[in-house]
Amino acid sequence: SAPAEGTLLSGKIRVEVSKGGNAIHIFRNGREIFGGHGLRFATTADTHGPWGCLKEKPEAFLCRERVETWTVKELRTLEQGPERATLRALFAGEKSSVETLIHLYRERQAVDIELRILWNEVMTRLRLATRQADSVLYAVSGGEVLRGKETLGDVPGGRYLILNKDSETP
């Protein structure tokens, strides 16, 4: 039987998204990889604008005041084939939205997520929120960067990131 709407399955990987919910939940071997919080989209206030504060003040790059957390307005399974499964979820706030295409491939232990953002905001930032981690391995131009507890926060990432606990290594 086919999985329920909003659920993708491929080997040890399961993805769940619910209409009206606010997160993408990804499970590997039955364990939610974001510690139960999922992957969420939220806007935060940015009083320093797109160029930031030229004096590198922490309040300019650590935008913590949450404006809103986006919820799933539309949800549809596009493919549920033997080689690939695809789910489309539209997360939206009051003015802006992000269309997500979530792909699983047979015998591949990864989840691909494509994002298309419609941005109608002023003085805000879009935050891709996950669980807190002790360290994060980021893909950046030309390689990878491992950031520990003392350097985590709002940082630009690249094609992927890996969240780690103290007991884990990337």
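Side chains included, hydrogens not; waters and symmetry mates left out as well; all remaining heavy atoms used. Along the sequence shown, residues are numbered consecutively beginning with 1.
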With heavy-atom distances below 4.5 Å as the criterion, would you say the side chains of Leu39 and Leu128 are in contact?
yes

- Message: Just so I know, are the side chains of Val15 and Ile24 near enough to count as touching, which here means a heavy-atom distance under 4.5 Å?
- Response: yes

Taken to the nearest 0.5 Å, the spacing of Arg127 CZ from Trp70 CH2 works out to 13.0 Å

To the nearest 0.5 Å, atom CD1 of Ile13 lies from atom CG of Leu104 at 7.0 Å

Is Phe27 reachable from Val111 through a run of hydrophobic residues whose side-chain heavy atoms are each under 4.5 Å from the next?
no

Output for pair (Leu101 CG, Asp112 CG), nearest 0.5 Å, gives 11.0 Å

One should read off an interatomic distance between Leu137 CG and Glu144 CD, to the nearest 0.5 angstrom, of 4.5 Å

Quick one, Ile26 and Glu32 - any side-chain contact, counting heavy atoms below 4.5 Å?
no

Q: May I ask you to establish whether Arg84 and Tyr105 are in a cation-pi arrangement, using a distance under 6.0 Å from NZ or CZ to the six-membered ring centre and at most 45° from the ring axis?
A: no

Any side-chain heavy atom of Ile117 within less than 4.5 Å of one from Phe41?
no

Problem set entry | ILVMFWY network linking Leu75 to Leu115, side-chain heavy atoms under 4.5 angstrom | yes

For Ala89 and Val17, the nearest pair of non-hydrogen atoms, with its separation, is CB-CG1, 4.0 Å

Looking only at heavy atoms, the pair that brings Leu8 and Ala85 closest together is CD2-CB, 3.7 Å

Practice item. Side-chain contact test, heavy atoms from C-beta onward, threshold under 4.5 Å: evaluate it for Thr124 versus Thr44 and give yes or no. Key: no

(Q) Within the structure provided, determine whether Ser96 and Leu118 are in side-chain contact (heavy-atom separation under 4.5 Å). (A) no

The single option from Glu114, Gln80, Glu79 that satisfies side-chain hydrogen bond (donor to acceptor under 3.5 Å, both in side chains) with Thr86 is Glu79

- Query: Does Asn120 reach the main-chain N or O of Lys95 with its side chain, forming a donor-acceptor pair under 3.5 Å?
  - Reply: yes

ask   = Hey, is CD on Glu94 packed in by over 12 heavy atoms from elsewhere, all under 6.0 Å?
value = no

Minimal heavy-atom distance between Arg40 and Ala23, with the atoms involved, is CG-CB, 3.7 Å

d(His103 NE2, Ile113 CD1) to nearest 0.5 Å is 9.5 Å

Q. Is the closest basic N to carboxylate O distance between Glu16 and Arg14 below 4.0 Å?
A. yes

Smallest heavy-atom separation, Ala45 atom then Val67 atom, equals N-CG2, 3.5 Å

Any heavy-atom pair between the side chains of Leu90 and Val72 that's under 4.5 Å? no

(Q) Within the 4.5 Å heavy-atom criterion, are Thr71 and Thr69 side-chain neighbours or not? (A) no

On a heavy-atom basis, the closest approach of Lys73 and Lys19 is O-CE, 3.0 Å

Value for CD (Glu83) from CZ (Arg106), rounded to nearest 0.5 Å, stands at 4.0 Å

